[in-house]
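I am attaching a structure below and will ask some questions about it afterwards.
Quick caveat: nothing in here was measured; it's all calculated off a predicted structure. The figures here come from the full heavy-atom set of this structure, side chains too, leaving out hydrogens, waters and symmetry mates. Letters A, B, ... mirror the listed sequences (proteins, then strands); counts begin at 1.
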Amino acid sequence: MNMPLKYNPSELEKHWYNYWMEHKFFASKPDTRIPYTIVIPPPNVTGVLHMGHMLNNTIQDVLIRRARHLGFNACWVPGTDHASIATEAKVVAKLKEQGISKNDLTREEFLAHAWEWKNEYGGVILEQLKKLGCSCDWDRTAFTMDAKLSDSVIKVFVDLFNKGLIYRGNRMVNWDPEALTTLSDEEVIYEERQGLLYYISYQIVGSTERLTIATTRPETIFGDTAICIHPEDHRYLSLHGKKAIVPLSGREIPIINDTYVDMEFGTGCLKVTPAHDLNDKAIGETHGLDIIDIFNPDATLNAYGLAFEGMDRFKARKAVGKALEKEGFLVKTEPHINKVGTSERTKAVIEPRLSDQWFLKMESLAQPALKAVLVDEEIKLFPKKFENTYRHWMENVRDWNISRQLWWGQQIPAFYYGNGKEDFVVAENATIALKLAQEKSVNSHLSLEDLRQDEDALDTWFSSWLWPISVFNGILEPENDEINYYYPTNDLVTGPDILFFWVARMIVAGYEFRDAKPFTNVYFTGLVRDKQRRKMSKSLGNSPNALKLIEDYGADGVRVGLLLSSAAGNDLMFDEALCQQGKNFANKIWNGFKLIQSWETVQIEQPEAAKKGIEWYSATFDKALLEIEDHFSKYRISDALMAIYKLIWDDYSSWLLELVKPVYQKPVDKATKDQVMVLLENNLKILHPFMPFLTEDIWQQITDRKPQEALIIAPWPKGSERIDNVLLLAFETAKQVVSGVRTIRKEKQIANKEVLDLVVLSDQKPLEALNSVIEKLSNLTNITQTETPVEGALSFRVDSLEYFVPISGAIDIEAEATKVQEELNYTQGFLKSVENKLSNERFVSNAPKDVIAIEKKKQIDAKAKIETLIQSLVYLRS
RNA sequence: GGGCCCUUAGCUCAGCUGGUUCAGAGCACCUGCCUUACAAGCAGGGGGUCACUGGUUCGAACCCAGUAGGGCCCACCA
């Protein structure tokens, strides 16, 4: 067979992906096997693959492929999220480019554009996942606005409303003036901003007195409806019951008392603007204050802003400041750092705003979800530290604002039939709504035309929180076979940034709608950062092009590169060099295969060295397998990969292959080739989840295979329960001897080709078992034993035995003696510390028996070694 | 302001119930090698006061307290 010299990923990847698809290896249907299910965290439908997705989905693919090897019915459900706010913003921007304004379109027209956009670009990211090798069951691809998923959302809304958990309320909400919608608390990111604290003086009505307040937002004085002071503040006792005049507008507002005011801050006087601050609103409610909203939805000032009407809030802030200064109301300004809420999506500064919104009561819903993670441990979070964060959020969970002033999404199924506050009904559709409305209003003449559906859409997360259920249609048909088989799912792999948005809410939804957890394990990946530890972001332009990486390094190389340094929960400092390492690894394996493949076999006896080597590698493999299992069980994916990496690179390639390799152009015995091939196959099986393409390719090259023999579904190797530790230990010693000879070769510049002798100084029966291994790897003619030191030879020590390599030419006796002396000094020091320990009575009486035994063995070994060292020294200097 | 976590080799990180798997790994680095599978490689090698200070202990990277630095989450102080 002709093999290319180097591994060439791009063509092979396409080929094998098609092969897997063609034979439906990714597809899953309920059967008698145990299911293993993952639902993908659905990426934004209009998104493109970035490094976070790559990491995330590689891990999922590793888990799902491993589950397939282990014989589970593995099902990975892919899909996308409609991402209402982000997608709507993109569609609006695109329309704007075409000269179309959203305001000129009807809801239906706009949605038509949005769907068009979705249909055009919606599949892109999923196609990119295929390039990465993701083995999703693509027939199951779901979208959060598919008919069934949307119907599920509506059903759930109606259900929760009927349970009294959803309510409509006029509340202070987070308003994004750019997206023109409200945001949930979770979508607001607080940032420290340098600003100014303005000290403004207010005239007291009917007096020449003035009082000074401190504010960061002078533009909101037009919304002031009171000045508030602390009732016990001695400075202001005279002001109780008086009124003040708002500068610039001239309105009279009351001066009120409330213990909320912090006497220490600013001047101890607080201006109260109930429409634009949550606390002010609370004060306003206790004191029955008016509410004056001074902003338009886009955060420009409205008519209350008088001369500043139409001006943006930040421009208005400066302008008002100037006007106040000009009119003599501004006492001073001070630099001041405050925290400003910004929109996660648009980065716009959030404006607290009073409006009618829909809310979901969370407190009772949170209880089972809290218990499941923290008490029953039905759901495990990896790393565990996130349980603290989870607890904190869940215990202080606030009602969830679920309405958004957007069109792209599920429209809120509330129907209004009149102008009264309670003149609405909630129902799955207009027909049912009409019936309910007729009953509620006691007006049987109401018709469909009289109903107005709420204009708002639901928060995207209000559909994705159902994802693990709704992809199996478990809301609409709660007893269908699929949901009963696949739910609860097994693992969820996602970023910690959506712990609250998504993970916590899915847990809530799971218990509320299925009375069962949505998944068993949650694995949180780290954030992908660049080498300078900066978050990867579009604006910084530091995010590499994911597809370009796959082109350059191969999907397998990129997968390895990403996984190698991504310990669970730690951020991953992405460096392309890691992908290079992955690519190198692929090439290494490729070449290893090429070597075996090239061997001609003949019927000759298997060399002893090969036999021993194969035995040893089998044991090493079994041991590694246990270690790998352990890593997987703890979701230490990176460590599992590293264990395989070292197994294949060091143990398999550097030791085993070198050991069984025939001399150039000489044939090899059949047993060796066959056995090494089996070992290679086992390597491929455990590596396949990480490097699916390369491994499948080699697997199929080893021999012609039927589809049912494909590597992707090959059973995971069964390791031996008992590991031959004696052999492993003996081999370690042999390796050290080999290293010893190699070091001598290197130091004395003796070519590898030159055959050497090795003499072991020992009065005991020497260990001959692995001599064949040592001879082969060190290129020795034979190993002999002696009871006296060898003259004119270089020496080294392994454990308590001394080895001699006789060489022609002069030996630098002094150098040899110095080397021995140094080792003697070290060993004597070591012995002293051991003996100190052993002569310490408290150690002997307190330490466990086995620890003492170990120390005693150390003592004996050290003593023996010292003796041989002294002998050598005496001999060298004689 | 409250809570959680981190600090180990040049870099990224392991190090489990304190004791020979305790000072490790990968990469990077240095020195030889184009030795016929692989220079995308092979062989050999150097490198750390385990952030700092104190305590507990026969024994501390590991437990406790404090200090310094870094990160994350939560929170309405204008």
Full working for side chain to side chain donor-acceptor pair (under 3.5 Å) between Asn401(A) and Thr182(A): CA-CA 8 Å; Asn401(A) 172 207; Thr182(A) 55; 3.3 Å; yes

Looking at the rings of Tyr617(A) and Tyr652(A), which for Trp means the six-membered one, are their centres under 6.0 Å apart? yes

Students often get this wrong, so: under 4.0 angstrom with heavy atoms, is Val272(A) touching a base, only sugar-phosphate, or nothing? nothing

Is any side-chain nitrogen or oxygen of Ser654(A) closer than 4.0 Å to OP1 or OP2 of A43(B)? yes

Looking at C76(B), I'd like to know if its phosphate oxygens (OP1 or OP2) sit under 4.0 Å from a side-chain N or O belonging to Arg398(A). yes

No-H, no-angle donor-acceptor pair, Lys588(A) side chain to C38(B) base, under 3.5 Å: yes

Rounded C1' spacing from C22(B) to C16(B) in Å: 13 Å

Using a 4.0 Å heavy-atom cut-off across all strands, classify Tyr190(A) as base, sugar-phosphate, or nothing. nothing

side-chain contact (heavy atoms from CB on, under 4.5 Å), paired with Ile229(A), selected from Leu270(A), Asp258(A), Val261(A), Asn257(A): Asn257(A)

Please confirm whether the shortest side-chain N or O distance from Arg636(A) to OP1 or OP2 of G15(B) is below 4.0 Å. yes

Pick base, sugar-phosphate or nothing for Phe585(A), based on heavy-atom distances below 4.0 Å to the nucleic acid. nothing

Span that lies between the P atom of A65(B) and that of G18(B), in whole angstrom: 16 Å

